[in-house]
K.L.:
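Shown below is the structure under consideration.
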Amino acid sequence: MNIEIIPATESDRAFFRKAHHLAYRDVIESMFSWDEEEQDKFANKDFDERNPHIIIYGKIRVGVLGWLAKADHIWFGPIYILPEHQNKGIGSYLVREFMNRARNAGLPLHLQTLRKNEKARKFYEKLGFTILPSDEIHWQMEYKSK
């Protein structure tokens, strides 16, 4: 799959927010009401703290991805794929790529997804992630290579 991930720059912040809003709005609205200003703050916080990268597929920006290498695990996420590019294998490819990175580093891969995002939870479980202790908003999940 011809996917490239490149470091985001400050000029990508608006695209990052757009990807967050488009990819997660339905799930967020099913859990809470949508507050654009509040969601901008959440997206900006992720942009500032999560090592953001732009996902390029076929020479166009299709989403964003962040990850952090910690001492005892790799934190995967956020991953936001624009709706018109979902269900094309892009997200699956990237998750598997990071599963391989974690396996090669001898570390578990951690992520979280909103509790109402059942599709994502089931997808991650199908790939071998297990649920860790979680809160009422997010599922905390872990992949450990065997």
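From a predicted model like this one, the values you see are computed outputs, not experimental measurements.
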K.L.:
Are P52 and V64 packed together at the side-chain level, in the sense that at least one heavy-atom pair is separated by less than 4.5 angstrom?
P.N.:
no
K.L.:
If you measure only the distance, is there a donor-acceptor pair under 3.5 Å linking the side chains of N100 and R103?
P.N.:
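Per modelled atom types, N100 and R103 side chains form a pair under 3.5 Å.
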K.L.:
Aromatic rings F98 and F76: how do their planes relate, parallel, tilted or perpendicular, breaks at 30° and 60°?
P.N.:
tilted
K.L.:
Measuring from F129:CZ to H110:NE2, what's the distance to the nearest 0.5 Å?
P.N.:
9.5 Å
K.L.:
Decide yes or no for K122 and K126: does some side-chain heavy atom of the first lie under 4.5 Å from some side-chain heavy atom of the second?
P.N.:
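Not touching, per the 4.5 Å side-chain cut-off.
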K.L.:
Can you tell me how far apart CZ (F16) and CD1 (I54) are? Round to the nearest 0.5 Å.
P.N.:
8.0 Å
K.L.:
Looking at residues at least two apart in the chain, or sitting in another chain, which of them share a side-chain hydrogen bond (donor to acceptor under 3.5 Å, both in side chains) with N2?
P.N.:
none
K.L.:
Do R61 and I56 pass the side chain to side chain contact (heavy atoms under 4.5 Å, CB included) test, and can you show the C-alpha distance, the side-chain angles, and the key distance before you say yes or no?
P.N.:
CA-CA 5 Å; R61 299 185 306 175; I56 308 291; 3.7 Å; yes
K.L.:
Hey, what do you get for NZ (K59) to CD (E4), rounding to the nearest 0.5 Å?
P.N.:
10.5 Å
K.L.:
Do L65 and L107 sit in the same hydrophobic cluster, where Ile, Leu, Val, Met, Phe, Trp and Tyr count as joined when their side-chain heavy atoms come under 4.5 Å apart?
P.N.:
yes
K.L.:
Mind checking whether L111 and L68 sit in one hydrophobic cluster, side chains of I, L, V, M, F, W, Y counted as touching below 4.5 Å?
P.N.:
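No, it is not one cluster - the side chains of L111 and L68 are not joined through contacts under 4.5 Å.
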K.L.:
In chain order, what residues pass the side-chain hydrogen bond (donor to acceptor under 3.5 Å, both in side chains) check against D48, with sequence neighbours excluded?
P.N.:
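By the side-chain hydrogen bond (donor to acceptor under 3.5 Å, both in side chains) rule, D48 matches R13.
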K.L.:
Do I79 and L127 belong to the same hydrophobic cluster, where Ile, Leu, Val, Met, Phe, Trp and Tyr are linked whenever their side-chain heavy atoms lie under 4.5 Å apart, directly or via other members?
P.N.:
yes
K.L.:
Shortest non-hydrogen contact from A102 to L109?
P.N.:
CB-CB, 3.9 Å
K.L.:
Do Y124 and V95 come within less than 4.5 Å of each other through their side chains, counting heavy atoms only?
P.N.:
yes
K.L.:
If you measure from CD1 on I81 to NZ on K88, what distance do you get to the nearest 0.5 Å?
P.N.:
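So the CD1 of I81 and the NZ of K88 are separated by 10.5 Å.
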K.L.:
Do R50 and W75 come within less than 4.5 Å of each other through their side chains, counting heavy atoms only?
P.N.:
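Side chain of R50 against side chain of W75, heavy atoms only: contact under 4.5 Å found.
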K.L.:
For the residue pair W34 and H20, categorise the inter-ring angle as parallel (less than 30°), tilted (30 to 60°) or perpendicular (more than 60°).
P.N.:
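Rings of W34 and H20: tilted, 30 to 60°.
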K.L.:
Could you pull out all residues at least two apart from Y24 that satisfy ring-ring contact (aromatic ring centres under 6.0 Å, His included)?
P.N.:
Y80
K.L.:
Please examine the side chains of R121 and R115, heavy atoms only from C-beta on, and report whether any two atoms are closer than 4.5 Å.
P.N.:
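Counting from C-beta outward, R115 and R121 never come under 4.5 Å.
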K.L.:
Should E38 and K41 count as an ion pair when the cut-off is N to O under 4.0 Å?
P.N.:
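Salt bridge absent between E38 and K41.
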K.L.:
Run the side chain to side chain contact (heavy atoms under 4.5 Å, CB included) check on H138 and L114 step by step: do they pass?
P.N.:
CA-CA 4 Å; H138 294 99; L114 291 167; 3.5 Å; yes
K.L.:
Please say yes or no: joined through hydrophobic side-chain contacts below 4.5 Å, possibly via intermediate residues, are F123 and I3 part of one cluster?
P.N.:
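In one cluster with F123: I3, yes.
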K.L.:
Measure the spacing between NZ of K18 and CG of D12 and express it to the nearest 0.5 Å.
P.N.:
12.5 Å
K.L.:
How about D40 and E36: do any of their side-chain heavy atoms sit closer than 4.5 Å?
P.N.:
yes
K.L.:
Just wondering, do F15 and L82 contact through their side chains at under 4.5 Å, heavy atoms?
P.N.:
yes
K.L.:
Quick one: CZ on F32 to CD1 on I137, what's the gap to the nearest 0.5 Å?
P.N.:
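With rounding to 0.5 Å, CZ (F32) is 4.5 Å from CD1 (I137).
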K.L.:
Should I90 and I60 be counted in the same cluster of Ile, Leu, Val, Met, Phe, Trp and Tyr side chains packed under 4.5 Å apart?
P.N.:
yes
